[in-house]
Every structure is written in structure tokens, then in C-alpha cells.
Amino acid sequence: MNLKKIKEIPIVKKLGFNRIVLTGVLVLMYVVLSLIVDKFAGMPRIMSALNYAYFLGFLSLGVTFVIATGGIDFSIGPVMFCCALISGYCLTSHGVPMLLSLIISVIVGFIFGMFNGYLVAYWRVPPFIVSMASMNIAKGVASVFTKTQSVSWPQAAKGGWFRSLVKVGKFPVGIVIFFAIAIVCSIVLNHTKAGRYILSLGSNREAVRLSGVDIKKWEMLAYVICGILVGIAAIYFVGAYTTVQPGYGDQYNNEAIAGCVMGGTSMAGGLASIGGTVIGVLIIALLQEGILALGFTKDYQLIITGLIVIVAVYADVMARRRNN
Amino acid sequence: SGAAAPAADAAPAATEEAAPAEDTSTEAAAPAADAASGDLDFKIVVKSFQSSYWQAAVQGVNQAAEELGVKVECNGPNAESDIADQVNMLTNYINGAPSGIGLAACDQSACLDALQMAKDAGIPVVCFDSGCPDAPEGSVLSTIATDNYGAGATAAENLYAALKDSIASASAPVRIGEVNQESTSESITQRGLGFIDKFSELATADGKKVAVVGNEFYVNGAKDKGDEASADIIIEVAVPAQTTVELCATEASAIMNKSDVLGIFGSNQVAAEGILSANENLNKLGTEAGKDILAAGFDAGTVIKQAIKDGKMFGAVTQSPLAMGKTTVETLYKIANGETVSDIATDGYWYDNSNMDAPDIAPNLYD
Amino acid sequence: MGEVILEMKKIDKSFPGVHALNNVDFEVKRGEVHALMGENGAGKSTLMKVLTGIYTKDSGTIIYEGKEVEFNSTREAQDAGIVIVHQELNMVGHLTVAQNIFIGREFKKGIRIDDKKMNEEAKKLFDRLNIDIDPTMTMSDLTVGKQQMCEIAKAISHDAKVIVFDEPSAALTEAEIEDLFKIIKDLREQQMGIVYISHRMDEIKVITDRVTVMRDGCYVGTLITEESTKDDIVNMMVGRVIYEEPKTKSQVAADAPVVLKVEHLNAGRMVQDISFELHKGEILGFSGLMGAGRTETARAIFGADPKESGDIYVNGQLVTINSPEDAVRAGIGYLSEDRKRFGIVVQKTVAENTTMADLPNYMKGLFIDRKKERDVARKFVDSLATKTPSVDQMVINLSGGNQQKVVIAKWLCKNCDILIFDEPTRGIDVGAKNEIYKLMNKLASEGKSIIMISSEMTEILRMSDRIVVMCEGRKTGELTIEETTQEKIMNLATRDIN
Amino acid sequence: MEKKKVPAKIFKQEVIVFLVVIALLIFFCVASQDFRKYTTILTIMDYSYYIVLMAIGVAFPLITGGVDLSIGTGLVCYSLAGGYLIMFKGWPTGLAMIVSILFGLAIGTLNGILIGVMDLPPFLGTLCTCMITRGLGSICSKNTGISWPTTGQPGSWFRSIFKYETAGGTKIPLGFIWVLLLAVIMHFVLNHTKIGRYTIAIGSNKEAAILSGINVKFYHIMAYTISGLFAALASIAYSAVFKTVLPGTGAGFELEAIGGAIIGGVSATGGAGSIIGTFIGVFVICLLKTGLPFIGLQANWQQIVTGLVLIGSVMVDIIKKRREAKK
Ligand SMILES: Nc1ncnc2c1ncn2[C@@H]1O[C@H](COP(=O)(O)OP(=O)(O)OP(=O)(O)O)[C@@H](O)[C@H]1O
Ligand SMILES: Nc1ncnc2c1ncn2[C@@H]1O[C@H](COP(=O)(O)OP(=O)(O)OP(=O)(O)O)[C@@H](O)[C@H]1O
Ligand SMILES: [Mg+2]
Ligand SMILES: [Mg+2]
């Protein structure tokens, strides 16, 4: 078969056939949108699509680690809001310096990661339940801390220098940082002990444990990495959208997980691709921009994202079935 | 500090701004004006479509568009809490370079970057329903909004008048409830605080001691939060964890279950409907002060209108979203034609069973 | 033996990258027990799966009762009278025994399932087969052996004309195997055609009428069992003679130091007051029936399961072992009996599995040294003769025996001084088995100490320097190889049972 | 001896959860005098119907070892679709209810096909339909909040299915009887019919079920269809109890239902579960939701407490299992 031959070409094999197809989809979407939508091509649209891609991307990267262990985290969205709210409240109401606030955001994410990871790894509480609980707790803690107030981070002109992490003038600094962190994630996942153990225990927990590996530690680490990335996502969320409200954030869970699995990370654990996640997220962000530009509501974006994920996962399932 | 102040200050400030803004707007409008009104294309971003309030606003927008012969497109996020989605919509519209944008901002600060973009691109923006007080100078040319603080106070005045005798004759402390769907958006918080402050003011004038308890934000935001132990009137404020009817209803039913409650206020359509949902079980609402709990609502919609007709709800404050929508497009049109515009305050009206069909009220009672 | 009931001709089947069946011929007559033999990965299971409609063949014909047939599902095969007892257990753990036996063909009363009748019927079936199991018990509460017996009972209850047993004895005790043989003989009397797949040469001699041998997906030949010797069969399978006789003398020096000492180990019902010593360079056999608690003992020593009390000394030093991590640190390695569940990481490559226990030694700073990893994996693939296209192959794509070799490679790579091999040759063909035996002897002579848990008597007799026998969670005896006989072991292994 | 053991094991969880419910009730009664009222029962019931119905339905996918994340947004979507037909197209309520139910069946079956036939991981397949139903709901209702006919309006008869008002004005939570009845029926379905038996078999060992000649695909689809059906029934209960349904909401409902099912003893890994247990488990969540405001806890604290209780109940179960394993 022709397709099979293509897949055997070394460069294709190295990059992964699925990822190449996804990249093709991404480029094609951009070209088609540019052709049919007036004034679509050009930096402004890309910039606003990127705003959406940043925070979603960090969420997706984080959840990729968790899904690689065979777990799931439905609390990333609310935890992201919790990070942004607590750190933002420190900044605006307690006069904590900006840099420290950013660090607090990451620390809050880290703490939630520890909490989730500890319960999942050391107590074997099903990840699903842990997510449900920490989702509620994150919302609750954030509301209590901010006295149910929304928090608005300062504008660039008014001391909000952190916004230059997102963009400086017309230059999207965020994309550089996002790619840099994605590369670090990819290295961690594929070339370090942590990544090896995380993927392996996702595939067969017991076998790794009986190899004398402290799986609890490594499983927890996956959640902690996720938490840290969620903390970073929070910074990019407020960097792009300024305001966060307590009590929300769940709307981003689905899209973040969708981005991750679209890129080929298997929900069964053991298989994960950071590159795929990045492309998946970019597709979702571009889709959201395109749908709005075409004059549709967000609803259509959700439906189309849902359908794309179905197609992507089904293709993956079929491919694996053919292999077995 | 009086929360009414910003609203009052805003008016002269905006008129001042209007002057320098004039040249930008004329510039922006120049090509459009040449091309006659048929080619004008306005984009309207609402807070969401969830409640019929926004449906009415959209209706007004469309009416005006038809009358003036301009193109409009309305969009809004799924829920009023989807701030990021709204910002995306707004920037998306700006990138499409329309002749003007009407914006009902979900959040005052989140849109600031986008408003700067609009200004840079020379696209005039008109805010309606809620203002953006910190907007970059010259980006928002007009704000068309109800004085929410005053509207809340209106509800308090009417409710107090009805309860005055029962309060005066009460031997033990009495309780007034307030359900707010959230404590973050300007319109809701202003209404809530307006109600609290006005009610306290009226009661204090009658020699009663008032205390505000419950949600911290409203307690701290009230002019005088009083002391619960010694108070004659306790105003209890509840805010649900999320903006859904069933959670508003739980909060309402917790308050209404208390035996000392005389009245309750729901500060928007969702909160008022939550109170009515809770009453399905409790059956405590009515119009007879002292015997029933008197409920005051906000906004219209079939459910609230029906409840007022049935004597379940004492009355409500309505704004005129339809007129607001219409005015927004008209203002944008004026800007496009180079006219100078300023802020426009719309009214909130008290309505109850007696005046629902009055000619000045009825058109504002959308379904 | 009657006329031919089933004939498979020129069957061909390929999986991506594997030509699993290449022009295979096979036939079964009424009233015969036909053995199907071959090394791991020879294609035995695949051939039977093609027969019963689980896989579709690429080409070839199947003639059953004189007509050409093609089954698309197990159900169709069942309805036609061909049933299979699979190599892997296929039981629904959460349902009861009776519910499992009648799954897919429940008795009904209206829309309601008639569980009472099912229990009665199951009881009748068990009585007929002389199996002592309560049909209302939950399946997952049974021992593996009993589960296997249920599976066999289920197959028999199908009123079949051809029954395929794919390595049924792998999980059975000697006693259960005897029961099984009685059942099979009974079925033969009833003129059924029986296919019997097994790696155990003794069984083949005892129970079968003919033997068909396969090698690398090809048909090699068919022999009449009575007229051929073990060597003939083995020769056909691998092309050389490799049968070894029992060990007669311990290979361990009299003054060899004690490397592992376990004292009064308790861990639940299955491990009660176990004490023993393991010397340097010794292979210590653990014998007993299925469910004797050997696996539990091993797992408790290794820290895989929590223990209640007991001391473990390694090289004379008291060590605390609360997790496999502690055990590995103390120099103990454990090769589990269930490699699919506890041994391999299926979605990782051969190389990655090989270094799984010893990853810290394959690091270059923060990063994994892939080259070094592949090199060591290649070394073990060569020395264990693992059949794999490359060390980058996913382990999931290897056959059972080769997967086992990868697990062994993992512990050799870690270079542990004390190795616990739990059923190291379960489901492994003679060729590979022999290699593993040689390897164990070599390791022992190099000064490693091995605990070998095995349910195969011949294996115990052939490999062990000393033998511990367990029964129902207790140690019932310890024998030196010189004094050991099969009878003595059996006596100890069944001590509490009679 | 063995015979007694099996049912004892199954009922243990139910009894414990039942005791927790009683304990919570007592706690709230002691802590708040306002709680000790008939109307409180009405309120708790109101909140329980839709969650109970969703939970009964979702127990089936859970027992197959899967999950259905689309029930929350699905509920809102079916309710919006039905309500739209009544409000804007003048359809009679009964007909609209049938449309809602058919819609639920369709989405449920779609889930079943995605997971049972196309082999998508359940989390993902239903995550997709979760997004899709959220979008469809908004599109169906043209983005407006929808009110089904309120008491007094024509077509509001369906509200009295759940809450019957006697001539004297007393309100009877009739819905409790219906959901209890449905729970009993589904308990029977799970334990004594083929659908239930095979649902368990799929969750326990799908491979074995296939090799036993069961039409696994069909029964796998059925589990999700049941879930869809019950989500649709829940949408009617929701519309009957609450005044308005808002598009864009519903995410999160499924978590309450699934949480209830798991508290009630449905195994998070599939293969085992009890519908009656699920039924009781939901009341733990409902009690917290309705009870906590009574003891003066602000909404934000309620969320924290709910989260902790959820973890706590699962932890108790885990510790219990660990103890048992040790014995
Ligand atoms: N589903 C499958 N996909 C790909 N390859 C397969 C599949 N099933 C079997 N194989 C391959 O086909 C060959 C024959 O396997 P099979 O299971 O029939 O061997 P076997 O003779 O039963 O071995 P064993 O004694 O280990 O059970 C092996 O190389 C195996 O890897
Ligand atoms: N009476 C029992 N009730 C429940 N489970 C049992 C019982 N006896 C044994 N088992 C389980 O059955 C399996 C087989 O028993 P076990 O592993 O103890 O046997 P063994 O002595 O190690 O024999 P082998 O190594 O041949 O399997 C184990 O997983 C054990 O937990
Ligand atoms: Mg086989
Ligand atoms: Mg064992």
C-alpha cells in the first residue's frame, strides 16, 4: 500500500505520520480561512489566535503528562483560575510585587498538583474522583481567598510588565516561551528517567513497580508537572484576558484535553506526544478564530472540535487495530 | 464611598472626552459616510444570549438597523462568565475592521487591550448596558447604560414603603434577603449595593438599626454594615457559587426558610427566577406585607411577569434593553456620520401588578 | 479413532510483519486426541483462532463434517459444534461460576434470567465431571486452576463435536491435570475430536493419539504418539535433541555462605510462618500445588505485597523490605509468573524494557543514554536468542516466550545477586526452556543465587539443588536433591489436604 | 456459607452510604432549626430528581468500565430543544417531551456507537459529545434561556408529575416515587436481565464476553443508550423543577451524578455496581448541596466541603478495602 510506504520513510517515521497529517490540517485550515474570510491573513488574527493558544497550550501540555500515566485531570481549568485569582489578589489587594505574584501562581498550581498526585499515587483514589474534588476545592478556595471577587491584572501601561511575557509591541514573545517550554516538556518526556517511568507506568503500572521503581513518586511527579504548567497557563490567561472570576474555569478542561488527544496522546496511558499536543492546540485556537471570523458563535467551534477529535482518535484507533 | 459616584462622574468626563474623540470618529467615518448608509456595518457584542433581557436588546439593535438601513451582526459568549470568549469575539470583530462596534462588556478590565486596538484601528466603540470606566481615552465614544445603583435603590424604596408598617411594628429583629447571582460584574454589584444602602438609609431615618450580613463583598461594600447583635433589621446577602438558576434557588430557599424574613430582592433575572423557584416549595411569597414575604425582582421575562400577575412577586425593576439596543445603533450611526455624541443614561422603572399595562412601562416588559 | 471430522488445508494467515501461518495442514478424527506442538510463536494458537472464527484466514479451506465452512465469530463455530478453551483465561471475574458457564446462552423466564436454573445445571455439570466447585461463587474468588477447570467445563457443556484445549494444563495442579485427563478420555469415548496444545512432553505421551508439529508458522509433520519417542517429537520441533536428565547431586559447595535468610515470614492466609535459607550459588526449588502460596511468599519477600511479620537477612544483614524498590536495592530480582500483568510494559520497546530496573545506570547526566541502552539490549537479545526484528520492537508484538526472555533480560541487566524466578518457563517451548535452564545453571555457577518456583515436577527435579515444599500457605518440608523423589514431594505438597 | 457472602458484600456499601445519608440528615437537623421542615424535604427532592436520574443512567456506562461525560450538557441540550418547541413553535408539552427523549436516545446511541463500535476511549468519545451537545443546545434554542410552561400556564401539567399539589395546597414530592420506581426497575435490569448481565461482563472482561459469543457491540451501545435515555428523563425533571434552562450550562452536572454513583458503590474501574446504591449515593451529594446553606456556610465554602466529602467517602472505601485485603 502506498500509505504504508510513506509511513516507512525515515523522516516521516521520525516526525510521526499523524503529526504530519495534523500539521497539514493546520496549514490547510489557515489557507482556506485566508481565502474565504476577508482580511484573515496577517498578524492581528494570528496574534489573537495565539492568545487563546498560549494558556490552552500550557494546560494541554500539563494534562499530557497526566494522561500519559493513564490518569485524567478535570480540574486544570478551575485550578488555572484559582492560581490566577490567588496570585492576582495578592498583587492587587495585598501589594505583593509582580514577580512574586507570578511565582505564587506557579506555586498554587504546584500545590494542587501535589494534592492531586498524592491522592492518586499514594492513596489510589481514582483520578476522576480526585479531579472532581479538587475542581470544587479550587473554585471554593479561590472564592474564599478573593472574597468572591473577580481579579483584574494590571494593564501593560500600569505596571503590568508581565504582559511582555505575552507580547512586546507586535512581537509575540509568548510563542517563543511556549515553544521553549514545549521542547523542555518533550525532552523530559522522552529523554529523562521521569518521562520514561511516567510513560511506562501508564502502560503497565504493576510491571514497573515490580521492577523496583518507586512508581508513586513518579506518578505524583506527573501531576506536579501538570500543576506547574497550569500555574504558567494562569499567567498567560490573565496576560491575554486580564480578568478571572471565581467559580469558573471548567469550560477549558475539554478543549485542553481535546488538544492533547488530538495530537496522539492515548487516553489508555503509555503513549504521549508533546509535538502532537502543540499542533492540536494550535488547531483548536485557529478554529476558534476562524469560526468567529466566519460570523458563527462559539457553539460551532465546540461542535467542530468535538468532531475533529472523534475523527483523529478514530484514525488512531484504526491504525492501532491494523497493527494488531 | 458612594458607589453612585462613578456613574454620576462619568457623564461630564465623557462629554469632555467626546471633543477630542471627534476627529478620530470623523476620520473613521469618512469613507463610510461617502459610501452612504447602506455600506455601514456595525458589530454588536452582547454579554450573552442567555436571558431574554439580551434577546430584547438584540431585537432593538435589529429594529434600528432596519430603520437606518445599516448592516449589523450580533454575537456574544455562551454565558456572561465567559470573559475570555467575549474578548476573543471583540478582537475578532476589530480585526474585521467594521464601521463601528457596540459593546456590552462582561468585564470592565478584560476589554481594555481590545479597546486600545480599536482605537488604534480607528474603529469607534459604543458601550451599552455596562460601561468601561478605564477605557483608553477616545476609544469609547459613548456609554449607554442604566444607573444600576439607582435602579437597586428604586427597588429598595418600593419594598421599604410596603414593609414600613411591619418593620415599625416588629418586636423582634426582622430580616431582608438579597440574592445576587455573582459579586463581580459592575451592574449586579451596583444594584445590590444600591438596594442595601437605600434600604439602610430609609430604615435608619425611621430610627431602626440595620446590619448587613452574608457575602463578604456586599457586607464590606455597604456604606454601613452595622452590628448584627443589636440590629432591628438584618439584610442578608447570598451569592451562589455559580450563575445558575438552581444554585440561586438553593441560596434563596435557605434565606426564605428563616421565620423572620419580611422581604427579599433578586438583583437580576436569574436571581429573581431563583427566588421564584425556591418559592415553589416554600410558598411564602405574596403581596400582603407582614403575612407573606414580599419579593422584589429585577428585569422582566415571562416567568417574572407571570409571578407579578399572580401576586407571587411584589414587583420588579425593569430597564429598557430594547431602547438601549436601538440607541446603541443610532449612536453608532451618528458617529459614522460625524456627529458628536455623549453618554446617555437610560432609566430603570419600578413595575408591579398595578402599572404593568401602563403605556410607559409595558413596552419595556419583554418576554 | 473414527473418520476425519475436521480438515484444515493450506491455511495461510499474515499479521503485519509476521507470516504467522504458512500453508498449514491439520486434521482431526472422531474419537482422537490430537496434539499440536511447536515452539513459542510457531502459530498453534493462531491456527486454532482461525478455526474458531476469531481470525479470518487469508487463504485455505476448512472442511468440517464433509462441508466447507467459514466461521465469522466464535458464536458460529460454537453453534456448529467447535469450541475452544483459550490459552489465556477468559472469565468474567465479577460474575458467578454458573453465570460464566452459561454466558451468552442464559436460561430465561420471561425477560428475567433464571439464575436458579443456571446454578442447578452448573452443579449437574460439575457433578458429571467430578469437579468440586460451588457454582454460586464469584469467579474472581477462585484460584487460577479452578477458573481453568470452569472454563473447561464451560467448553464441554456446549455439546461440541470438536474441542480445542490451548495449553489447559499451564495453570493446573497435578491433581487437576489428572482430572482433566479423565475428562478428556471420557470425551474421546464419546467420539469427539479433541485438539490438545501443550509444551509438556509427558502429557503428550500420556493422553494423545497423534501429534502434529509446527515450526515458524509451517506444518512440519504428524506422528502417531505410540510409535514415536520424545526425541522424535522434539527433533521435529527444533531439529536437535535436548532432553536433560534430573539433577542427582547438589552443585553447591558445602561451605557456601547464606545469602538470603527468611525467618518466620507471615503475610496473610497464604504465607504463614515461612523460614528458609538460600546459599550462594544455589538453585532453591519451591514446589507445591497451585495455590500453595509460593507466589505470595515470593511477593512478600520482594515487598510487592505487605507483610505482617518476619525478618529477612541478606548476606547476614537484617534488611527492611517494604517495597520492590527496597528489595531491588538489597539485590533481589523477581520474575513474575504472569508476565502480561506484572512483567512487561507492552507499549515500550525491547530495549526500554530491558533497562527498566536499572535505568539509573543508563543515564548521561539528566538524560537517558539511548545508545548504551540499545547496546545492552542487543547483547541480551543475542545471548538469550530472543526472536525480535530489532531492539526497537514494541514488546507487545512478540510471542509469549520471547516476552518472557525480555523480562529475564531485565533482571540480568540489573545484575541482582538473588533472583526469584516464578514459573520461569510457563508457556515456553522446549527449545527456549532449555536455554533458560542453561542460563540458570550458568548464573548459579557464577555465584548468583536463585529461588525457582515451579509447578512442573520434572523442572524441579532437574534444576534444584535443594527443594522447599509448600502446602496451603505453610512450609511442609525441605529436601536435598539427593534424597528427593517425586513421591516425597507429592506427599509433602498434599500433607494438609488429606 | 459462600452463598451468604456474596449478597452481604454487595449490600455493605449500600448500607454504609445509607447510614451516611441518615447521619447527614441528623447533623443538619441538629445544626439548623430551619432545616427541620417539610419544605426542606421538598427542596432536597427537587434537587435530587435530575441527578438521580442521570446517575442511574450513567451507572451503566460506568459498569462497562467507561463513563458518560455528555449527560450534563446533554440534559441541558434536550431540555432546550424540547422547551424551544413549546415556547416558540407552540408544540404541546407531551410531544416536546417525546422529542427530548428521542434526542437523548439518539445522542446516547451515538455515544454507544463511538465507543462500542468505533472503539473510541469512553472518556474521549463522550467528551466530544459533551462539547457537541453543549453547542447543539445553544443552537437549538437560538441561544436563549428557555422556560418550560410554568405552573398555571397551559401545558404545565408535567410539573405535577414531580410535585403534586393537593386541593389543600400541600405539595407532595411525587417524583420521588417515580425515580425510586425507576431505580428499582433498573436494579432489576442490571441484575436479572441480559442487558445488565452483559453490561457487567463487558466491564469485567470484554474479551471474554466477545469469546463467549455475545453481541458485545450491541450491548455496549445499549449501556450508553440507557445513559442517554436517563439524561433525557433527567432533562424533563430539571425542566419541571426549575423555571429556566440556560444554554451553555450543564457542564458539571455529570460530575455530581457520577460522584453519586461512585459513592453508591459503582466501581470506578467497571464490572460492578449497584443501582440502589447509586440512588442512595446521590442523596449524599444532594444533602450537602441543600443542607450546607442552612448552616450558614457561604457558597464558596460549600464547594470546598463537597470536594472534601467526596474524597473522604472514597478514601473510607479505599481504607476499608485495604483492611479487607490484609485479612
Ligand atoms: N494478533 C496478532 N497480531 C500480530 N501478530 C500476532 C498476533 N497473534 C499472533 N501473532 C504472531 O503470530 C505468531 C504465532 O503466534 P501464536 O500465538 O499462534 O503462537 P503459539 O504457537 O501459540 O505460541 P505460544 O506457545 O507462545 O502460545 C507469533 O509470531 C505472534 O507474534
Ligand atoms: N482460597 C483462595 N481464595 C481466593 N484466592 C486464592 C485462594 N487460593 C489462591 N488464591 C489465589 O489464586 C492464585 C494462585 O495461587 P498462588 O499464586 O498462591 O499459588 P502458588 O503456590 O504461587 O502456585 P503457582 O505459583 O503455581 O501459581 C493467587 O493469585 C492467589 O491469590
Ligand atoms: Mg499460543
Ligand atoms: Mg504462583
Side-chain angles (χ1 to χ4, degrees), chain A residues 1 3-5 7-8 10 13-14 67-70 121-122 124 183-184 186-219 264-273 316 318-324, chain C residues 15-17 298-299 302-305 321 323-336 338-349 352-360 362-370 373 392 394-397 403 406-407 410-411 413-414 416 420 422:
Chain A
M1 213 170 110
L3 202 64
K4 212 164 151 190
K5 259 190 214 146
K7 283 186 192 170
E8 291 304 315
K13 220 174 166 183
K14 185 133 204 278
I67 293 180
T69 67
Y122 286 85
R124 304 297 293 135
I183 289 169
V184 172
S186 176
I187 291 173
V188 168
L189 197 62
N190 295 310
H191 296 281
T192 66
K193 213 157 51 174
R196 169 71 58 85
Y197 287 145
I198 286 171
L199 282 171
S200 301
L201 75 90
S203 172
N204 190 345
R205 211 183 132 84
E206 246 343 75
V208 180
R209 184 172 86 99
L210 291 182
S211 301
V213 176
D214 184 359
I215 49 167
K216 291 176 181 167
K217 184 171 87 189
W218 300 108
E219 185 167 25
T265 297
S266 158
M267 281 306 256
L271 284 178
S273 155
D316 186 45
M318 286 308 282
R320 222 171 297 165
R321 205 185 283 171
R322 241 178 282 124
N323 281 339
N324 291 335
Chain C
F15 294 112
R299 285 176 62 93
F302 191 62
D305 292 331
I321 297 179
S323 67
E325 210 193 335
D326 296 335
V328 172
R329 205 176 298 122
I332 306 175
Y334 173 63
L335 183 97
S336 142
D338 188 340
R339 65 180 162 268
K340 269 244 171 71
R341 271 174 61 206
F342 303 130
I344 49 169
V345 181
V346 288
Q347 271 157 357
K348 294 266 127 191
T349 64
E352 286 166 331
N353 270 280
T354 305
T355 56
M356 187 60 72
D358 196 28
L359 199 54
Y362 293 84
M363 303 293 289
K364 219 195 234 163
L366 276 175
F367 305 111
I368 296 168
D369 187 346
R370 297 247 173 176
E373 178 174 273
D392 295 326
M394 293 274 180
V395 178
I396 196 169
N397 295 330
Q403 290 178 352
V406 174
V407 186
K410 173 170 82 184
W411 291 116
C413 180
K414 175 71 199 170
C416 293
I420 306 175
D422 195 353

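Here A/T192 pairs with nothing under the side-chain hydrogen bond (donor to acceptor under 3.5 Å, both in side chains) rule; sequence neighbours left out. Remark: A/T265 engages no residue in a side-chain hydrogen bond (donor to acceptor under 3.5 Å, both in side chains) (not counting sequence neighbours). Partners of C/D392 by side-chain hydrogen bond (donor to acceptor under 3.5 Å, both in side chains), not counting sequence neighbours, listed by chain and number: C/R374.
Both the backbone and the side chain of C/M356 come within contact range of chain A, each with at least one heavy atom under 4.5 Å from a heavy atom of that chain. In this structure, chain A has heavy atoms under 4.5 Å from both the backbone and the side chain of C/L359. Proximity to chain A involves both the backbone and the side chain of C/F342, based on heavy atoms less than 4.5 angstrom apart. When heavy atoms are compared at a cutoff of 4.5 Å, A/I215 does not approach chain C at all.
No donor-acceptor pair under 3.5 Å is formed between the side chain of A/R209 and the backbone N or O of C/P324.
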What verdict does the side-chain contact (heavy atoms from CB on, under 4.5 Å) test give for C/K364 and A/H191, after you've listed the backbone C-alpha separation in whole Å, the side-chain angles of each residue and the deciding distance to 0.1 Å? CA-CA 10 Å; C/K364 219 195 234 163; A/H191 296 281; over 6 Å; no
C/L366/A/K193 under side-chain contact (heavy atoms from CB on, under 4.5 Å): CA gap, chis, key distance, verdict: CA-CA 8 Å; C/L366 276 175; A/K193 213 157 51 174; over 6 Å; no
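Side-chain atoms of A/S211 and C/K410 form a donor-acceptor pair, as typed in the model, at a separation below 3.5 Å.
At a heavy-atom separation below 4.5 angstrom, chain A is approached by C/E325, C/V328, C/Y334 within residues 325-334 of chain C.
Taking CH2 of C/W411 as the start and CG of A/L210 as the end, the distance is 7.5 Å to the nearest 0.5 Å.
Summarising the geometry of A/N204 relative to C/I344, their closest heavy-atom pair is ND2-O, 2.6 Å, with the distance given to 0.1 Å. Considering every non-hydrogen atom in both C/V345 and A/A207, the closest pair reads CG2-CB, 4.2 Å.
Of the listed residues C/M363, C/M394, C/K414, the one with more heavy-atom pairs under 4.5 angstrom with chain A than any other is C/M363. If you tally non-hydrogen atom pairs under 4.5 Å between each of C/R299, C/K348, C/E352 and chain A, the highest count goes to C/E352. Contact count against chain A (heavy-atom pairs under 4.5 Å) is highest for C/G343 among C/S336, C/G343, C/S323, C/G303. When the candidates A/G270, A/G202, A/G195, A/S200 are compared by the number of heavy-atom contacts under 4.5 Å with chain C, A/S200 comes out ahead.
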